[in-house]
Amino acid sequence: MVDLTFDQELCGLVLDTAPQLFAVVQVCGEGRADADGWVVAWGIVENDGPTHVIGIGGRTRMTLTAPERALRHFAGRPGITSRLVWLAQPGTARLNQAEAA
């Protein structure tokens, strides 16, 4: 059995409890060669908890029961769709020793 240092245990704790991050994007002309998209909000899903969403610019803030509920709040005009794009979990963590106090 490998003896983990306290710092390694902390990093493991962070990875085990890390929330999922996603962006809410709007797409214009989806399926066409000239389609365009932009990020309208960022969200965080807590483990077995609520979803928090903040719009770009910080004026829109929401707490929702599921990430998919954010899509209706950012529904665009005709021809504009909204979707969730999940940020991939990096799988690593490290302590910044300069900030550890």
Exercise for the section: Measure the shortest side-chain to side-chain distance between Pro19 and Val45 over non-hydrogen atoms and say whether it is less than 4.5 angstrom. Expected result: no

Exercise for the section: Rounded to the nearest 0.5 Å, what's the gap from CG on Leu84 to OG1 on Thr51? Could you check? Expected result: 9.5 Å

Exercise for the section: Linking directly or through intermediates, with side-chain heavy atoms under 4.5 Å: list the remaining ILVMFWY members grouped with Val14, chain and number order. Expected result: none

Practice task
Just jot down the salt bridge (charged side-chain N to carboxylate O under 4.0 Å, His left out) partners of Asp16, sequence neighbours excluded, or say none.
Solution key: none

Handout entry: Nearest non-hydrogen partners of Ile44 and Phe22, listed with the distance
Key = N-CE2, 3.8 Å

Exercise for the section: Take Val24 and Val39, measure what side chain to side chain contact (heavy atoms under 4.5 Å, CB included) needs, and give me the verdict at the end. Expected result: CA-CA 6 Å; Val24 180; Val39 175; over 6 Å; no

Practice task
Would you please name every residue forming a side chain to side chain donor-acceptor pair (under 3.5 Å) with Trp38, sequence neighbours left out?
Solution key: Gln26

Hey, can you pull the donor-acceptor pairs under 3.5 Å for the side chains in residues 53-75, sequence neighbours left out?
from: Thr63; atom 1: OG1; to: His52; atom 2: ND1; distance (Å): 3.2
from: Thr65; atom 1: OG1; to: Arg69; atom 2: NE; distance (Å): 2.9

Fill in the blank from the handout: Note: Asn47 and Ala18 closest approach over all heavy atoms is OD1-O, 3.6 Å

Problem - Pairs satisfying salt bridge (Lys or Arg N to Asp or Glu O under 4.0 Å), at least one member in residues 17-38, at least two apart - result: Glu30-Arg83, Arg32-Asp34

Practice task
Please name the pair of heavy atoms, one in Gly29 and one in Ala35, separated by the smallest distance, quoted to 0.1 Å.
Solution key: O-CB, 3.2 Å

Exercise for the section: Identify whether Trp86 and Trp42 are in the same connected component of the hydrophobic contact network (ILVMFWY, side-chain heavy atoms under 4.5 Å). Expected result: no

